[in-house]
There are 2 protein chains.
Amino acid sequence: MAPKPAGAYDPGAYPPFAVTVDVVVVTVVDESLQVLLIERGADPFGGQWALPGGFVHEDEALEAAAARELAEETGLEALPALRQLGAFGDPGRDPRMRVVSVAYLAVVPHLPPVEAGSDARRAELTPVRSVVGARARRRLAFDHLEIVTAGVARTRALLETTPIATAFVDHPFTLSELRRVYEAVWGRALDPGNFRRKVLSIPGFVNPTGRQAAPGPEGGKPADLYRAGRAIRLDPPLHQPVARSR
Amino acid sequence: MAPKPAGAYDPGAYPPFAVTVDVVVVTVVDESLQVLLIERGADPFGGQWALPGGFVHEDEALEAAAARELAEETGLEALPALRQLGAFGDPGRDPRMRVVSVAYLAVVPHLPPVEAGSDARRAELTPVRSVVGARARRRLAFDHLEIVTAGVARTRALLETTPIATAFVDHPFTLSELRRVYEAVWGRALDPGNFRRKVLSIPGFVNPTGRQAAPGPEGGKPADLYRAGRAIRLDPPLHQPVARSR
DNA sequence: GGAATAGTGTCTCTGAGACAGTATAGT
DNA sequence: ACTATACTGTCTCAGAGACACTATTCC
């Protein structure tokens, strides 16, 4: 942190940087993990897809800037807590100038319809699979692929140690709905009985409402409805099951 | 990320920031976790203790800046990988101007004697206990207490999921020496037999050398010597034991 | 009744922690 | 012999996963 030892502040003593924020908004739709992207209206990378974000104002906290930019570009407000993913500041990541971007993660249930605003031509949810991984078909602007990758990794970790999975479903919810969130992110089917037992054994994860949901169109026994509990962390954590060798 | 949609680059369109890096260097000495601090030579916070760090140069990667500042202020070079802890950029964290600092963590074995350089009046290892927690007696400059806290938390997490504990001991080492690292960080005694069995069951954590160490001044059976293995992650992880209710 | 989903019960295997027992050094 | 440390073996318990079974709905 320490600037030059000279007591007085010399504005020429340090190179000026631009500081921006980018936000990775993830949700689960149609049993797949999705990320919110905007189509850039201007160069550089005009017409390409990118994360919502923008410049931090003077005297504005980083997290506040992330919330503001997200609202401006996508109309999303009153989001749950933003979690910082880290700083991305390689020289050359923006072709115009030296920029350090601080990335944030927001985990939300199915979104209200997003509306493109300010610099964004369009804003839409995109399956993570189509952006990251071997079968990706959509290239992202800047180093936003790296940022999305970090966001997805953090989301997976948060699912195991915090109750954010409840943020992906409507309230109240059935344990089957909650289970499908984990199945979507882990990409494997879970045993309904074992999942139920494990979830109910974690204090403060979910609370019963005493009510029941209507069965789906295919019939089946009505499921009990739950709400998110008060826990901040899952203790013990809900780790991804490992198939037994046998 | 997206700047204003105007195609041309307008240098007046964004507020200029200073960007700095700070480094949390942690090690284990005398069975306690310690952090490297420098005494600031100049205002603000002249005479107070702070983390080594400084301004990022133009066209310099963030991590490279962290390594350079560390070398300049403490003489430390050729450190193991620096891990990013995150960005700290509250308005007002530096009384002179708007500064965003990107913090890094370095985990090292006992250090070569550190020598204060450039702006640092002194540089020395300080027990984490005397800086963070209820019985802290040393106040840090800026928001460096917050950064140190993040670094210590990350260190604890890394101990459980990566082989960095081997970076805290000399090579080759005995399993008792390795065990004392965990005991120092977790603040509790571990069962030597169970620790041994657990460590040896994690593939790639440690490799036997076939040699033995001389017993200590108190006697005892000579211990086998080991070296760090090739594993990048501990799988399964080495979690802090939970005492059995009984 | 048949199919589908929700929920319960139970078996087995694994891993962790507690702790006793053995081995080898110094004094 | 005594002590201190290193190492090995064993017991028990809790949790996880597999899976069978019951319950309740729609068709």
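First the proteins, then the strands, lettered A, B, ... as listed; each starts at 1.
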Heavy-atom neighbours of [X] [atom1] exceed 12 at 6.0 Å:
X      : atom1 : value
A:R139 : CZ    : no
A:R129 : CZ    : no
A:R188 : CZ    : yes

Of the listed nucleotides ([options]), which one gets closest to any side-chain atom of [X]?
X      : options               : value
B:P222 : C:dT5, D:dC19, C:dT24 : C:dT24
B:P215 : C:dA18, C:dA6, C:dA25 : C:dA25
A:R196 : C:dA6, D:dC19, C:dT8  : C:dT8
A:A223 : D:dT24, C:dA18, C:dA6 : C:dA6
B:D224 : C:dC19, C:dG7, D:dC7  : D:dC7
A:R197 : D:dA18, C:dG7, D:dT10 : D:dA18
A:E218 : D:dC19, C:dT5, D:dT10 : C:dT5

Show which side-chain atoms of residues 162-172 of chain A pair as donor or acceptor with protein atoms under 3.5 Å away, not counting sequence neighbours.
unit_1, atom_1, unit_2, atom_2, d
A:T162, OG1, A:L158, O, 2.7
A:T162, OG1, A:I164, N, 3.4
A:T166, OG1, A:P163, O, 2.7
A:D170, OD1, A:H110, NE2, 2.9
A:H171, ND1, A:V169, O, 3.4

Counting C-beta onward and ignoring hydrogens, is there a side-chain heavy-atom pair between A:V21 and A:E63 closer than 4.5 Å? no
By nearest heavy atom, map A:G220 and A:D191 onto DNA chain D; which one lands nearer the 5' end?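 Going by which nucleotide is closer to the 5' end, it is A:D191.
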Quickly work out the [X] [atom1] to [N] [atom2] distance and round it to whole Å.
X      : N      : atom1 : atom2 : answer
A:L200 : C:dG9  : CG    : P     : 13 Å
A:Q212 : D:dA23 : CD    : P     : 15 Å
A:H239 : C:dA16 : NE2   : P     : 12 Å
B:N194 : D:dC7  : CG    : C1'   : 12 Å
B:I202 : C:dA16 : CD1   : C1'   : 13 Å
A:F195 : D:dA16 : CZ    : P     : 13 Å
A:R188 : D:dA16 : CZ    : P     : 14 Å
B:K221 : C:dA25 : NZ    : P     : 9 Å

Taking OP1 and OP2 of D:dA16, is either one under 4.0 Å from a side-chain nitrogen or oxygen of A:K198?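 The answer is yes; a side-chain N or O of A:K198 sits under 4.0 Å from OP1 or OP2.
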Tell me, which of residues 160-181 of chain A have any heavy atom that sits under 4.0 Å from an atom in DNA chain D?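 Nothing qualifies; none.
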Under the criterion side chain to side chain contact (heavy atoms under 4.5 Å, CB included), which of A:L82, A:L36, A:L105, A:L85 is the partner of A:V23?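 Among A:L82, A:L36, A:L105, A:L85, the one meeting side chain to side chain contact (heavy atoms under 4.5 Å, CB included) with A:V23 is A:L82.
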Describe, in one word, how the ring planes of A:Y182 and A:F205 are oriented to each other, choosing from parallel (under 30°), tilted (30 to 60°) and perpendicular (over 60°). perpendicular
